[in-house]
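When a residue number appears, it is its place in the shown sequence, counting from 1. Ligands are counted one by one from 1 in listed order, and the atoms in each one are counted from 1 as well.
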Amino acid sequence: GFFACVSFVSWYKQHLGRGTRTHIFSGHLLVQGGGENDQDDEFNNNSGGRKEIQVVLKILDQSDKDIDLGFLETASLMSQVSHNHLVFVHGVSVKGSENIMVEEFVEFGPLDVFLRKEKGSVNSQWKFIVAKQLASALNYLETKRLVHGNVCAKNILVARRGLESGTSPFVKLSDPGVSLSVLSREERLERIPWIAPECVDTGSHAANAADQWSFGVTLLEICYDGDLPMSGGTLSEKERFYQQKGRLAEPLSPELAKFFSMCLTYEPLERPSFRTVLRELTGLIIINPNISPSEALPDTDP
Ligand code: ATP
Ligand code: MG
(Lines give C-alpha, C1' and ligand atoms only; values in the text may rest on other atoms or scores of the structure.)
(Ligands and ions follow the chains in the order given, each with its own letter.)
Protein backbone atom coordinates (compact mmCIF):
# COMPACT_ATOMS: atom_id res chain seq x y z
CA GLY A 1 0.00 0.00 0.00
CA PHE A 2 1.11 3.49 -0.75
CA PHE A 3 0.63 4.99 2.67
CA ALA A 4 1.68 1.89 4.52
CA CYS A 5 5.07 1.47 2.89
CA VAL A 6 6.67 4.29 4.77
CA SER A 7 7.72 2.47 7.89
CA PHE A 8 11.03 4.14 7.51
CA VAL A 9 14.01 4.56 9.68
CA SER A 10 15.60 7.65 8.31
CA TRP A 11 17.86 10.31 9.56
CA TYR A 12 18.04 13.85 8.46
CA LYS A 13 21.29 14.44 6.77
CA GLN A 14 21.41 17.57 4.79
CA HIS A 15 19.08 20.48 4.35
CA LEU A 16 18.64 20.85 0.59
CA GLY A 17 16.54 23.96 0.60
CA ARG A 18 13.16 25.51 1.07
CA GLY A 19 10.19 25.06 -1.23
CA THR A 20 6.70 26.51 -1.18
CA ARG A 21 5.81 26.02 2.49
CA THR A 22 8.25 23.14 2.80
CA HIS A 23 11.72 22.29 4.02
CA ILE A 24 13.61 19.72 2.04
CA PHE A 25 16.15 17.29 3.47
CA SER A 26 17.96 14.32 2.11
CA GLY A 27 17.74 11.16 4.17
CA HIS A 28 17.62 7.41 3.96
CA LEU A 29 14.76 4.99 3.75
CA LEU A 30 14.90 1.39 4.85
CA VAL A 31 12.68 -0.73 2.63
CA GLN A 32 11.97 -4.44 2.29
CA GLY A 33 13.74 -5.98 -0.69
CA GLY A 34 11.55 -6.60 -3.74
CA GLY A 35 9.53 -3.54 -2.87
CA GLU A 36 7.79 -1.08 -5.10
CA ASN A 37 10.88 0.76 -6.12
CA ASP A 38 13.04 -1.77 -7.91
CA GLN A 39 13.95 0.91 -10.43
CA ASP A 40 16.44 2.22 -7.89
CA ASP A 41 19.64 0.33 -7.88
CA GLU A 42 21.95 2.60 -6.00
CA PHE A 43 21.26 1.07 -2.59
CA ASN A 44 23.41 -0.75 -0.09
CA ASN A 45 22.38 -4.26 0.70
CA ASN A 46 21.49 -4.83 4.30
CA SER A 47 20.77 -8.04 6.14
CA GLY A 48 17.35 -9.64 5.85
CA GLY A 49 16.68 -8.47 2.29
CA ARG A 50 16.27 -4.92 3.40
CA LYS A 51 17.85 -2.14 1.50
CA GLU A 52 18.64 1.41 2.20
CA ILE A 53 17.91 4.01 -0.41
CA GLN A 54 18.61 7.69 -0.55
CA VAL A 55 15.47 9.79 -0.45
CA VAL A 56 14.27 13.35 -0.19
CA LEU A 57 12.03 14.34 2.70
CA LYS A 58 9.68 17.22 2.07
CA ILE A 59 8.46 18.47 5.38
CA LEU A 60 5.41 20.69 5.25
CA ASP A 61 5.50 23.81 7.41
CA GLN A 62 2.96 23.89 10.20
CA SER A 63 0.00 25.93 9.02
CA ASP A 64 -3.64 24.99 8.63
CA LYS A 65 -6.02 22.26 7.49
CA ASP A 66 -6.38 23.64 3.94
CA ILE A 67 -2.65 23.57 3.32
CA ASP A 68 -2.41 20.07 4.82
CA LEU A 69 -5.12 18.93 2.43
CA GLY A 70 -3.41 20.66 -0.51
CA PHE A 71 -0.25 18.72 0.33
CA LEU A 72 -2.04 15.40 0.75
CA GLU A 73 -3.85 15.99 -2.54
CA THR A 74 -0.46 16.06 -4.23
CA ALA A 75 0.68 12.93 -2.42
CA SER A 76 -2.46 11.22 -3.66
CA LEU A 77 -1.87 12.45 -7.23
CA MET A 78 1.66 11.11 -7.17
CA SER A 79 0.48 7.76 -5.79
CA GLN A 80 -1.66 7.25 -8.90
CA VAL A 81 1.15 7.65 -11.37
CA SER A 82 4.08 5.64 -12.60
CA HIS A 83 6.26 6.93 -15.40
CA ASN A 84 9.99 6.96 -16.20
CA HIS A 85 10.03 10.72 -16.31
CA LEU A 86 8.02 11.35 -13.13
CA VAL A 87 9.78 11.31 -9.79
CA PHE A 88 8.89 8.31 -7.64
CA VAL A 89 7.05 9.14 -4.42
CA HIS A 90 7.53 6.45 -1.77
CA GLY A 91 4.73 7.68 0.42
CA VAL A 92 3.70 10.20 3.00
CA SER A 93 3.98 10.18 6.71
CA VAL A 94 1.16 11.91 8.50
CA LYS A 95 2.15 10.82 11.97
CA GLY A 96 1.59 13.46 14.59
CA SER A 97 1.39 16.99 13.38
CA GLU A 98 4.12 16.65 10.76
CA ASN A 99 3.30 15.93 7.14
CA ILE A 100 6.26 14.49 5.29
CA MET A 101 6.42 13.39 1.67
CA VAL A 102 9.18 10.92 0.91
CA GLU A 103 10.43 10.77 -2.62
CA GLU A 104 13.23 9.44 -4.71
CA PHE A 105 16.48 11.42 -4.44
CA VAL A 106 17.53 12.57 -7.89
CA GLU A 107 21.27 12.93 -8.01
CA PHE A 108 22.00 15.98 -10.10
CA GLY A 109 19.33 18.24 -8.68
CA PRO A 110 17.05 20.82 -10.27
CA LEU A 111 17.36 21.64 -13.96
CA ASP A 112 17.42 25.45 -13.59
CA VAL A 113 20.54 25.33 -11.42
CA PHE A 114 22.06 22.65 -13.65
CA LEU A 115 21.56 24.74 -16.80
CA ARG A 116 23.08 27.86 -15.27
CA LYS A 117 26.09 25.87 -14.16
CA GLU A 118 26.58 23.91 -17.38
CA LYS A 119 25.73 26.76 -19.78
CA GLY A 120 28.63 26.13 -22.11
CA SER A 121 28.36 22.34 -22.23
CA VAL A 122 24.67 21.88 -22.99
CA ASN A 123 23.77 21.96 -26.69
CA SER A 124 20.46 22.16 -28.55
CA GLN A 125 20.17 18.43 -28.99
CA TRP A 126 20.46 17.96 -25.24
CA LYS A 127 17.69 20.50 -24.75
CA PHE A 128 15.41 18.78 -27.24
CA ILE A 129 15.88 15.43 -25.51
CA VAL A 130 14.96 16.98 -22.16
CA ALA A 131 11.96 18.74 -23.72
CA LYS A 132 10.69 15.47 -25.16
CA GLN A 133 11.10 13.67 -21.85
CA LEU A 134 9.13 16.39 -20.09
CA ALA A 135 6.44 16.34 -22.79
CA SER A 136 6.17 12.55 -22.50
CA ALA A 137 5.56 12.78 -18.74
CA LEU A 138 2.93 15.48 -19.30
CA ASN A 139 1.34 13.50 -22.12
CA TYR A 140 1.04 10.58 -19.72
CA LEU A 141 -0.66 12.79 -17.12
CA GLU A 142 -2.93 14.25 -19.78
CA THR A 143 -4.12 10.82 -20.89
CA LYS A 144 -4.99 10.14 -17.24
CA ARG A 145 -6.65 13.55 -17.04
CA LEU A 146 -4.35 14.54 -14.22
CA VAL A 147 -3.04 18.08 -13.93
CA HIS A 148 0.43 18.77 -12.53
CA GLY A 149 0.06 22.50 -11.93
CA ASN A 150 3.66 23.42 -11.13
CA VAL A 151 5.80 22.72 -14.18
CA CYS A 152 9.03 24.74 -14.20
CA ALA A 153 12.74 23.96 -14.58
CA LYS A 154 13.16 24.01 -10.78
CA ASN A 155 10.75 21.07 -10.61
CA ILE A 156 12.60 19.04 -13.20
CA LEU A 157 15.35 16.94 -11.68
CA VAL A 158 18.41 15.70 -13.50
CA ALA A 159 18.99 11.97 -13.03
CA ARG A 160 21.68 11.61 -15.71
CA ARG A 161 23.77 14.50 -16.95
CA GLY A 162 24.34 13.29 -20.49
CA LEU A 163 27.32 15.57 -20.99
CA GLU A 164 29.94 12.96 -21.76
CA SER A 165 29.97 11.95 -25.41
CA GLY A 166 27.84 8.94 -26.20
CA THR A 167 25.47 9.63 -23.28
CA SER A 168 22.17 11.43 -23.16
CA PRO A 169 20.40 13.30 -20.36
CA PHE A 170 17.59 11.79 -18.29
CA VAL A 171 15.21 13.99 -16.34
CA LYS A 172 12.25 13.48 -14.04
CA LEU A 173 9.42 15.86 -13.33
CA SER A 174 9.06 16.36 -9.59
CA ASP A 175 5.82 16.49 -7.63
CA PRO A 176 3.92 19.81 -7.82
CA GLY A 177 4.00 20.48 -4.08
CA VAL A 178 1.13 22.12 -2.20
CA SER A 179 -1.70 22.41 -4.72
CA LEU A 180 -2.28 25.73 -6.41
CA SER A 181 -5.82 26.20 -5.12
CA VAL A 182 -4.76 26.55 -1.48
CA LEU A 183 -1.87 28.94 -2.05
CA SER A 184 -2.26 32.68 -1.51
CA ARG A 185 -2.81 35.00 -4.45
CA GLU A 186 0.64 36.42 -3.77
CA GLU A 187 2.22 32.99 -4.06
CA ARG A 188 0.43 32.49 -7.35
CA LEU A 189 1.60 35.89 -8.64
CA GLU A 190 5.17 34.94 -7.78
CA ARG A 191 4.82 31.99 -10.17
CA ILE A 192 4.30 34.30 -13.16
CA PRO A 193 5.30 33.54 -15.94
CA TRP A 194 5.15 29.77 -15.27
CA ILE A 195 1.62 29.76 -13.90
CA ALA A 196 -1.07 29.81 -16.60
CA PRO A 197 -2.84 33.19 -16.74
CA GLU A 198 -6.23 31.62 -16.00
CA CYS A 199 -4.89 30.18 -12.73
CA VAL A 200 -3.74 33.43 -11.13
CA ASP A 201 -7.10 34.41 -9.66
CA THR A 202 -8.05 30.97 -8.53
CA GLY A 203 -5.95 27.87 -8.74
CA SER A 204 -8.93 25.53 -8.54
CA HIS A 205 -10.27 23.77 -11.63
CA ALA A 206 -6.85 23.98 -13.27
CA ALA A 207 -7.01 21.95 -16.48
CA ASN A 208 -4.37 20.26 -18.63
CA ALA A 209 -4.23 23.49 -20.62
CA ALA A 210 -2.55 25.06 -17.58
CA ASP A 211 0.29 22.56 -17.91
CA GLN A 212 0.51 23.31 -21.64
CA TRP A 213 1.22 26.97 -20.87
CA SER A 214 3.78 26.05 -18.19
CA PHE A 215 5.43 23.60 -20.55
CA GLY A 216 5.93 26.40 -23.11
CA VAL A 217 7.46 28.67 -20.49
CA THR A 218 9.68 25.89 -19.17
CA LEU A 219 10.91 25.13 -22.67
CA LEU A 220 11.80 28.81 -23.08
CA GLU A 221 13.58 28.66 -19.74
CA ILE A 222 15.58 25.70 -21.04
CA CYS A 223 16.38 27.58 -24.28
CA TYR A 224 17.64 30.50 -22.17
CA ASP A 225 19.85 28.23 -20.02
CA GLY A 226 17.76 28.68 -16.89
CA ASP A 227 17.48 32.46 -17.01
CA LEU A 228 13.99 33.37 -18.05
CA PRO A 229 13.18 37.04 -18.71
CA MET A 230 10.48 38.29 -16.31
CA SER A 231 11.12 35.66 -13.63
CA GLY A 232 12.87 38.16 -11.37
CA GLY A 233 10.25 40.91 -11.69
CA THR A 234 8.27 42.38 -8.79
CA LEU A 235 4.78 41.06 -8.09
CA SER A 236 3.13 44.14 -9.59
CA GLU A 237 5.31 43.96 -12.71
CA LYS A 238 4.35 40.34 -13.07
CA GLU A 239 0.67 41.04 -12.57
CA ARG A 240 0.74 43.86 -15.09
CA PHE A 241 2.50 41.61 -17.59
CA TYR A 242 -0.44 39.18 -17.62
CA GLN A 243 -3.05 41.95 -17.52
CA GLN A 244 -1.48 43.42 -20.65
CA LYS A 245 -1.24 39.98 -22.22
CA GLY A 246 2.50 40.34 -22.43
CA ARG A 247 4.59 38.03 -24.57
CA LEU A 248 7.82 36.51 -23.37
CA ALA A 249 10.88 37.05 -25.53
CA GLU A 250 11.06 34.29 -28.08
CA PRO A 251 13.95 32.66 -29.88
CA LEU A 252 14.53 33.87 -33.38
CA SER A 253 13.63 31.02 -35.68
CA PRO A 254 10.11 31.34 -37.15
CA GLU A 255 9.23 27.65 -36.58
CA LEU A 256 10.15 27.92 -32.92
CA ALA A 257 8.34 31.22 -32.51
CA LYS A 258 5.22 29.56 -33.92
CA PHE A 259 5.58 26.62 -31.55
CA PHE A 260 5.92 28.91 -28.54
CA SER A 261 3.01 31.09 -29.53
CA MET A 262 0.82 27.97 -29.72
CA CYS A 263 1.59 27.00 -26.13
CA LEU A 264 1.72 30.55 -24.81
CA THR A 265 -1.68 31.76 -25.88
CA TYR A 266 -3.92 33.39 -23.27
CA GLU A 267 -6.81 31.30 -24.61
CA PRO A 268 -6.49 27.92 -22.86
CA LEU A 269 -8.58 26.07 -25.44
CA GLU A 270 -6.22 27.04 -28.24
CA ARG A 271 -3.18 25.41 -26.67
CA PRO A 272 -2.01 22.13 -28.19
CA SER A 273 -2.45 18.80 -26.42
CA PHE A 274 0.75 17.07 -25.33
CA ARG A 275 0.15 14.50 -28.04
CA THR A 276 0.46 17.34 -30.54
CA VAL A 277 3.36 18.89 -28.64
CA LEU A 278 5.31 15.61 -28.89
CA ARG A 279 4.71 15.40 -32.62
CA GLU A 280 5.62 19.04 -33.21
CA LEU A 281 8.80 18.72 -31.16
CA THR A 282 9.95 15.84 -33.33
CA GLY A 283 9.36 17.96 -36.43
CA LEU A 284 11.19 20.92 -34.91
CA ILE A 285 14.27 18.87 -34.16
CA ILE A 286 14.52 18.03 -37.82
CA ILE A 287 13.90 21.47 -39.34
CA ASN A 288 15.47 23.52 -36.65
CA PRO A 289 18.21 21.83 -34.74
CA ASN A 290 19.38 25.06 -33.11
CA ILE A 291 17.20 26.34 -30.27
CA SER A 292 19.58 28.33 -28.16
CA PRO A 293 19.36 32.07 -28.83
CA SER A 294 22.94 32.33 -27.65
CA GLU A 295 24.25 29.90 -30.24
CA ALA A 296 25.30 31.94 -33.25
CA LEU A 297 26.37 28.95 -35.30
CA PRO A 298 24.66 25.60 -35.78
CA ASP A 299 26.09 22.70 -33.82
CA THR A 300 29.10 21.34 -35.57
CA ASP A 301 28.95 17.94 -33.89
CA PRO A 302 28.71 15.15 -36.45
P1 ATP B 1 7.57 23.79 -4.92
O2 ATP B 1 6.25 23.18 -4.61
O3 ATP B 1 7.56 25.27 -4.99
O4 ATP B 1 8.26 23.14 -6.07
P5 ATP B 1 9.14 22.15 -3.21
O6 ATP B 1 8.73 21.81 -1.82
O7 ATP B 1 8.96 21.09 -4.25
O8 ATP B 1 8.44 23.49 -3.62
P9 ATP B 1 11.61 22.88 -4.40
O10 ATP B 1 11.90 24.34 -4.34
O11 ATP B 1 11.07 22.31 -5.66
O12 ATP B 1 10.65 22.55 -3.18
O13 ATP B 1 12.92 22.09 -3.99
C14 ATP B 1 13.84 22.66 -3.13
C15 ATP B 1 15.21 22.08 -3.39
O16 ATP B 1 15.28 20.75 -2.93
C17 ATP B 1 15.55 21.99 -4.87
O18 ATP B 1 16.14 23.15 -5.32
C19 ATP B 1 16.53 20.82 -4.90
O20 ATP B 1 17.82 21.28 -4.59
C21 ATP B 1 16.06 19.95 -3.80
N22 ATP B 1 15.25 18.81 -4.25
C23 ATP B 1 13.90 18.75 -4.29
N24 ATP B 1 13.48 17.54 -4.69
C25 ATP B 1 14.60 16.80 -4.91
C26 ATP B 1 14.84 15.45 -5.33
N27 ATP B 1 13.83 14.59 -5.58
N28 ATP B 1 16.11 15.03 -5.44
C29 ATP B 1 17.13 15.87 -5.17
N30 ATP B 1 16.97 17.14 -4.76
C31 ATP B 1 15.73 17.62 -4.63
MG1 MG C 1 9.33 21.35 -6.18
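Listed by number with element, the atoms of ligand 1 under 4.0 angstrom from any heavy atom of F105 are 28 (N), 29 (C). Each of the following atoms of ligand 1 lies closer than 4.0 Å to a heavy atom of N150: 1 (P), 2 (O), 3 (O), 4 (O). Near N155, meaning under 4.0 Å from one of its heavy atoms, ligand 1 places the atoms 4 (O), 11 (O). The distance from ligand 1 to the heavy atoms of L157 drops below 4.0 Å at these ligand atoms: 25 (C), 26 (C), 27 (N). Near G177, meaning under 4.0 Å from any of its heavy atoms, are these atoms of ligand 1: 2 (O). Contact atoms of ligand 1 toward R18: 10 (O), 14 (C) (distance under 4.0 Å to a heavy atom of the residue).
The part of R191 lying near ligand 1 is the side chain, judged by heavy-atom distances below 4.0 Å.
Within 6.0 Å of the CZ atom in R18, the count of heavy atoms belonging to other residues, nucleotides or ligands exceeds 12. Atom CD of E186 has 12 or fewer heavy atoms from other residues, nucleotides or ligands within 6.0 Å.
Nearest to atom 29 (C) of ligand 1 among the protein's heavy atoms is V106 O, 3.3 Å. If you check which protein heavy atom lies closest to atom 27 (N) of ligand 1, you get E104 O, 2.9 Å. Looking from atom 24 (N) of ligand 1 to the surrounding protein, the closest heavy atom is E103 OE2, 3.9 Å. Scanning the protein for heavy atoms near atom 30 (N) of ligand 1, the closest one is L16 CD1, 3.8 Å. In this structure, atom 7 (O) of ligand 1 lies nearest to the protein heavy atom K58 NZ, 2.5 Å. Closest to atom 6 (O) of ligand 1 among all protein heavy atoms lies T22 OG1, 2.5 Å. Among all non-hydrogen protein atoms, the one lying nearest atom 23 (C) of ligand 1 is I24 CG2, 4.1 Å. The protein atom (non-hydrogen) at minimum distance from atom 8 (O) of ligand 1 is T20 N, 3.1 Å.
Two residues are said to be in side-chain contact when any heavy atoms from C-beta on lie closer than 4.5 Å; V178 and L60 meet this criterion. At a threshold of 4.5 Å between non-hydrogen side-chain atoms, the residues W126 and L115 count as touching. Side-chain contact check for L146 versus Y140: every heavy-atom pair is 4.5 Å or farther apart. Contact check for D211 versus E142: no side-chain heavy atoms found under the 4.5 Å cut-off. When side chains are defined from C-beta on, I100 counts as touching E98, because their heavy atoms get closer than 4.5 Å.
Judged by the shortest distance from any of its heavy atoms, C152 lies outside the 4.0 Å radius around the atoms of ligand 1.
The pair E239-R185 meets the salt-bridge criterion, since a charged nitrogen lies less than 4.0 angstrom from a carboxylate oxygen. R21 and D68 are not joined by a salt bridge, as no carboxylate oxygen comes within less than 4.0 angstrom of a charged side-chain nitrogen.
Around the Mg ion (ligand 2), the protein N, O or S atoms found under 2.8 Å comprise N155 OD1.
By the 30° and 60° cut-offs, the orientation of the rings of H23 relative to F25 is tilted.
Judged by distance alone, the side chains of R191 and T20 do bring a donor and an acceptor atom under 3.5 Å apart. Judged purely by distance below 3.5 Å, without hydrogens or angles, the side chains of E198 and W213 never pair a donor atom with an acceptor atom. In summary, the side chains of K154 and S174 do not present any donor paired with an acceptor at a separation below 3.5 Å, with no hydrogens or angles considered.
Taking all heavy atoms of P110, G17, S26 into account, the minimum distance to atom 20 (O) of ligand 1 is reached by P110.
Put simply, the side chain of Q133 gets close to the backbone of V171: a donor and an acceptor are under 3.5 Å apart.
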